[in-house]
Number of protein chains: 2
Amino acid sequence: MDGSVALDPVDLRILSLLQNDARTTYRDLAAEVGVAPSTCLDRVTRLRRSGVILGHELRLDPGKLGRGLEALLLVQVRPHRRELIGPFVERIRALPESRALFHLTGPDDYLVHVAVTGTSDLQRLVLDEFTAQREVARVETRLIFQQWECGPLLPPRTGAPSGSGQVRTQT
Amino acid sequence: MDGSVALDPVDLRILSLLQNDARTTYRDLAAEVGVAPSTCLDRVTRLRRSGVILGHELRLDPGKLGRGLEALLLVQVRPHRRELIGPFVERIRALPESRALFHLTGPDDYLVHVAVTGTSDLQRLVLDEFTAQREVARVETRLIFQQWECGPLLPPRTGAPSGSGQVRTQT
DNA sequence: AATGAAATGATTGGTTT
DNA sequence: AAACCAATCATTTCATT
């Protein structure tokens, strides 16, 4: 039972609305889904406690912060052993240019999403923070032309819904 | 002057705090940065209007929503022409599995971040929504072992700060 | 940019279904 | 057990300095 959460249509509706605007008031939420504001609070509190809602984030425009160029770096870390990749991950996460980091299957071990001021800043980053490190065997740089958020994130459509209107999901 | 924003230390402090928790109250914000709550409201309103703050987002746990497997798909779209890539982008953005989409330089035209229920769901997605499409020349699938958010996103350190304490940034 | 008052929203406890 | 209502409390917002 640890990682499983039951979500009814009200929960899903609330999540969907909050994904559009996380600051929607409980009053507005209540009006949209047709329950009382206090019930909405209840639901959201439960969703936070159950770990479905991880947090409330501010989305910023990197360009407006002077980081007008973004890129994805595909990185091979060799040898790929815990005592090397642990410090590597922590070092990359601490860089002010890093936005996100993925540990992957496939020929490239990591993908790093970075935001920089321009190409010279990117060159500096690659040379000083990546290829200069002994454990970094290879870096491939892909510039980002454009990016889109998708969503909202919803549970998968279940082929055969059970008798109740509930969707049971599992970690 | 269009895309440029001036940020003083108070703005930076506020942004940093809100990136930790976007629901921090103006009262708490004020206490931390040492100005009045109304001033914080002023600052945040200006930051939203100037486009530095794009929005307030809810961060959800895909695993808790029944999407316990995530992957990055590297996709070639050929021929790479506007009349093909426009519909492709819209189609991918509309998939419930899509979390983010990037248009890139390099051998792969697009990178798609997806969240699925498991490997069979991923196989279905790749076969039915990607390789089945005429314009998709190639798909490479990389599973995500683990991922990290980095941050907070801050303006680049300026080598030689001007007389004032302000950081002028540009899009 | 601060103050303080007015408006709005969040939260709680008791009650009902 | 979950939802509602109404009262309380906190926060946001605005006019003013």
Side-chain angles (χ1 to χ4, degrees), chain A residues 1-60 155 161-170, chain B residues 4-60 64-66 155 162-169:
Chain A
M1 275 263 255
D2 178 46
S4 88
V5 181
L7 300 169
D8 72 9
V10 172
D11 292 317
L12 294 177
R13 204 81 209 297
I14 288 175
L15 285 176
S16 201
L17 288 164
L18 284 178
Q19 280 183 88
N20 292 335
D21 178 5
R23 295 193 314 173
T24 309
T25 65
Y26 293 118
R27 183 183 135 280
D28 291 350
L29 233 42
E32 290 265 8
V33 309
V35 297
S38 57
T39 303
C40 284
L41 173 65
D42 244 27
R43 296 304 189 103
V44 172
T45 303
R46 243 179 296 166
L47 287 167
R48 302 190 104 242
R49 266 211 269 276
S50 64
V52 175
I53 296 176
L54 293 172
H56 293 248
E57 245 182 17
L58 209 62
R59 201 157 47 84
L60 302 183
S162 57
S164 83
Q166 292 203 343
V167 176
R168 176 155 290 271
T169 65
Q170 194 131 0
Chain B
S4 86
V5 181
L7 300 168
D8 72 11
V10 172
D11 292 316
L12 293 177
R13 206 77 206 294
I14 289 174
L15 285 177
S16 201
L17 288 164
L18 284 177
Q19 280 182 90
N20 291 337
D21 179 4
R23 293 194 316 173
T24 310
T25 64
Y26 295 122
R27 184 183 138 278
D28 291 350
L29 235 42
E32 290 266 7
V33 309
V35 298
S38 59
T39 304
C40 285
L41 173 65
D42 246 27
R43 296 303 189 105
V44 172
T45 303
R46 240 179 297 167
L47 287 167
R48 301 189 104 244
R49 266 211 269 276
S50 64
V52 174
I53 296 175
L54 292 172
H56 295 247
E57 247 182 18
L58 208 63
R59 200 156 48 85
L60 303 182
K64 288 278 165 56
L65 284 164
S162 57
S164 84
Q166 294 204 340
V167 177
R168 177 157 287 271
T169 65

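Per chain, numbering begins at 1; letters A, B, ... match sequence-line order. Only this structure's heavy atoms are used, side chains among them; waters, hydrogens and symmetry mates stay out. A quick note: this is a predicted structure, and the numbers were derived from the prediction, not measured.
The shortest side-chain heavy-atom distance between Leu60(B) and Lys64(B) does not fall under the 4.5 Å cut-off. With a 4.5 Å cut-off on side-chain heavy atoms, Tyr26(A) and Thr39(A) do not count as touching.
Ser38(A) meets the side-chain contact (heavy atoms from CB on, under 4.5 Å) test with Ala36(A); sequence neighbours excluded. Legend: residues meeting side-chain contact (heavy atoms from CB on, under 4.5 Å) with Leu17(A), ordered by chain and number and at least two apart, are Leu29(A), Glu32(A), Val33(A). For Arg27(A), the side-chain contact (heavy atoms from CB on, under 4.5 Å) test picks out Thr25(A), with sequence neighbours left out. The side-chain contact (heavy atoms from CB on, under 4.5 Å) check on Arg46(B) picks up Asp42(B), Arg43(B), with sequence neighbours excluded.
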Tabulated below should be each protein N or O lying under 3.5 Å from an N or O of nucleotides 7-16 of chain C; please produce it.
| from | atom 1 | to | atom 2 | distance (Å) |
| --- | --- | --- | --- | --- |
| dA10(C) | OP2 | Tyr26(A) | N | 3.0 |

Test side-chain contact (heavy atoms from CB on, under 4.5 Å) applied to Asp8(B) and Asp11(B), step by step: CA-CA 5 Å; Asp8(B) 72 11; Asp11(B) 292 316; 3.2 Å; yes

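A sub-4.0 Å separation between OP1 or OP2 of dA1(C) and a side-chain N or O of Arg43(B) is present.
Screening residues 49-58 of chain B for side-chain hydrogen bond (donor to acceptor under 3.5 Å, both in side chains), with sequence neighbours left out, gives Arg59(A)-Glu57(B).
Note on the helix from dA1(C)-dT17(D) to dT17(C)-dA1(D): angle between the axes of the first and last five pairs equals 30°, rounded to 10 degrees.
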